[in-house]
Protein chains: 2
Amino acid sequence: MVTLSEENYLKAIYHLGKQGRVAVSTNAIAEKIDSKASSVTDMIKKLAEKNLANYIKYQGVTLTESGRLAAALVIRKHRLWEVFLVEKLNFSWDEVHDVAEQLEHIKSLKLVNELDALLGFPTHDPHGDPIPDKDGNYAPIKSVNILEVKPGNEGVLAQVKDSSDVFLRYLNKNNLALGDTIKVIDFEPFDNSLTIETASQKMIISSEVAKNLYISL
Amino acid sequence: MVTLSEENYLKAIYHLGKQGRVAVSTNAIAEKIDSKASSVTDMIKKLAEKNLANYIKYQGVTLTESGRLAAALVIRKHRLWEVFLVEKLNFSWDEVHDVAEQLEHIKSLKLVNELDALLGFPTHDPHGDPIPDKDGNYAPIKSVNILEVKPGNEGVLAQVKDSSDVFLRYLNKNNLALGDTIKVIDFEPFDNSLTIETASQKMIISSEVAKNLYISL
DNA sequence: TTTAGTTTTTAGTCTTATCTAAAAATATTT
DNA sequence: AAATATTTTTAGATAAGACTAAAAACTAAA
Ligand SMILES: [Mn+2]
Ligand SMILES: [Mn+2]
Ligand SMILES: [Mn+2]
Ligand SMILES: [Mn+2]
């Protein structure tokens, strides 16, 4: 049995350390889940005890095979629920994350897999993030950060790395949505801002915004 | 904020005490939620502190108006989720209760109300239990226990009072389902068993079973 | 109306998941 | 290679929710 809190730690380690394959620092985890380093140390020990994590004092933590699978299944549930909320319950993409944070902890294999079927086995969630299958696998991501696109080139907005409501509402306000074609017009070295052009407008986005936009070419 | 544990106590008091209007004993609650009387006393105090319950030492507990509403909303969620699982995710009526026990604690008003709409505003769950509306109200129940039906009379199976998988699987095995027309043939005073007849068969049911079957005439 | 039995409450302990403050280990600078 | 700074771990505390055992309050029987 994996507790709700343990699941959240597994997710954090998975996300911070390339699916838990690269050692993650205590502080990084604490920052991610908004807790303290001492709490993280305690929990990591517990995860190691349960064979979900590999832990060597002072050297960070990675996930074991079963830890990685457990994390992927939580993420699978999170993303499937997000799709459900948008596709079936009229939520917009900026409203789903917090509810999915709760729903991802519901325990029932049948529930997840039937939900998957109901939704037509989606491969991506409303933010463009890939949905792991039953074995925790998903197709490699081919989208690239917009800051790496050379001025003059264009692509389709495929993924946003920040799922917070503030960020997504910024995009709503500025008429930017997944699937939009975006052309990079200019890069400004002074503040790393970007001038982009969509079907409806030309605009400048800050580097904080640009960091979170991923395009497929 | 009402915690998951508090919600479970509210539900228990609501069910045991005519929607929390009749005083419920510490022991009865302990029995219902499979805990100990001392734990119940502690929690009752907390509920009273939060103005969800009325508590006088040694005299049991009732719910306040806001306690009653909170309880009804948890029950509303529980039953809506049960309908969802059966109608949309191919669960059978004996598989839904345990998952609904988890889902009933998800916090999102929009989620509940959109779910309600998706399901077409159902009035009853898969076990025939009424679904409270947003204000916690539901139509009065008109079904009657089968033990009160005089031999020779018949009615439609409208509600089962036990939602456990063991009981529901017993009904499955014996081809009894909500909506079936049941005729009472005979009552046996020796053990309070009942002979009943459905479209497909004639059978004897024990009083333990009969106690849980409610019919509308 | 005492006495005996039952129910409820209190007192004290435990577990899980947190936290703060201090100690220990590792990293980075001079 | 010291000295300093940063990170991580340990030690000790706290809050929620549960438990056992014992005390207190009610209820029923004699
Ligand atoms: Mn999310
Ligand atoms: Mn997402
Ligand atoms: Mn149920
Ligand atoms: Mn039910």
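The model shown is predicted, which means the values in this text are computed figures rather than measured ones. The chains referred to below are lettered A, B, ... by the order of the sequence lines, with proteins before strands, and numbering in each begins at 1.
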Could you go step by step and tell me if A:Ser25 and A:Asn27 meet the side chain to side chain donor-acceptor pair (under 3.5 Å) rule? CA-CA 5 Å; A:Ser25 80; A:Asn27 261 354; 5.9 Å; no

Do [X] and [Y] come within less than 4.5 Å of each other through their side chains, counting heavy atoms only?
| X | Y | result |
| --- | --- | --- |
| A:Pro126 | A:Val83 | yes |
| A:Leu115 | A:Trp81 | yes |
| A:Leu89 | B:Lys110 | no |

Using whole Å, what does the distance between atom [atom2] of nucleotide [N] and atom [atom1] of [X] come to?
| X | N | atom1 | atom2 | result |
| --- | --- | --- | --- | --- |
| A:Glu49 | C:dT15 | CD | P | 15 Å |
| B:Gln59 | C:dT8 | CD | C1' | 12 Å |
| A:Met1 | C:dT15 | CE | P | 18 Å |
| A:Met43 | C:dT15 | CE | C1' | 13 Å |
| A:Tyr58 | D:dT7 | OH | P | 14 Å |
| A:Asp42 | C:dA21 | CG | C1' | 15 Å |

Name of the residue among B:Lys11, B:Arg76, B:Lys77 meeting salt bridge (Lys or Arg N to Asp or Glu O under 4.0 Å) with B:Glu104: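 When B:Lys11, B:Arg76, B:Lys77 are each tested with B:Glu104, the salt bridge (Lys or Arg N to Asp or Glu O under 4.0 Å) holds only for B:Lys11.
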
Considering only heavy atoms, which members of residues 2-27 of chain A lie under 4.0 Å from some atom of DNA chain D?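 Heavy-atom contacts with DNA chain D come from A:Ser25, A:Thr26, A:Asn27.
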
Hey, can you pull the residues of residues 29-37 of chain B with a non-hydrogen atom under 4.0 angstrom from DNA chain D?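 Residues of residues 29-37 of chain B that come under 4.0 Å of DNA chain D are, in numerical order, B:Ser35, B:Lys36.
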
Verify the contact: side-chain N or O of A:Ser39 to OP1 or OP2 of C:dT18, cut-off strictly under 4.0 Å; return yes or no.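 Indeed not, no polar side-chain atom of A:Ser39 lies that close.
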
Considering just the side-chain nitrogens and oxygens of A:Lys45, establish if one lies under 4.0 Å of OP1 or OP2 belonging to D:dT10.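 Yes, because at least one side-chain N or O of A:Lys45 sits under 4.0 Å from OP1 or OP2 of D:dT10.
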
Please list every donor-acceptor pair under 3.5 Å in which a side-chain atom of residues 128-149 of chain A meets a protein atom from a residue at least two apart or in another chain.
| unit_1 | atom_1 | unit_2 | atom_2 | d |
| --- | --- | --- | --- | --- |
| A:Asp129 | OD1 | A:Gln159 | NE2 | 2.7 |
| A:Asp133 | OD1 | A:Asp135 | N | 2.8 |
| A:Asp133 | OD1 | A:Gly136 | N | 3.1 |
| A:Asp133 | OD1 | A:Asn137 | N | 3.0 |
| A:Tyr138 | OH | A:Gln19 | OE1 | 3.2 |
| A:Ser143 | OG | A:Gln159 | OE1 | 3.2 |
| A:Asn145 | OD1 | A:Leu147 | N | 3.0 |
| A:Asn145 | ND2 | A:Ala210 | O | 3.1 |
| A:Asn145 | ND2 | A:Lys211 | O | 2.9 |
| A:Asn145 | ND2 | A:Leu213 | O | 3.2 |

Fit a plane to each ring of B:His97 and B:His78, take the angle between them on a 0 to 90° scale, and name the class: parallel (under 30°), tilted (30 to 60°) or perpendicular (over 60°).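 B:His97 vs B:His78 ring planes: tilted.
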
Judged by atom type as modelled, is there a donor-acceptor pair below 3.5 Å linking the side chain of B:Ser193 to the main-chain atoms of B:Ile204?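 No, because the side chain of B:Ser193 does not come within donor-acceptor range (under 3.5 Å) of the backbone of B:Ile204.
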
Would you call B:Glu65 and B:Arg68 a salt bridge, taking side-chain N to carboxylate O under 4.0 Å as the test?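 Answer for the salt bridge query: yes.
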
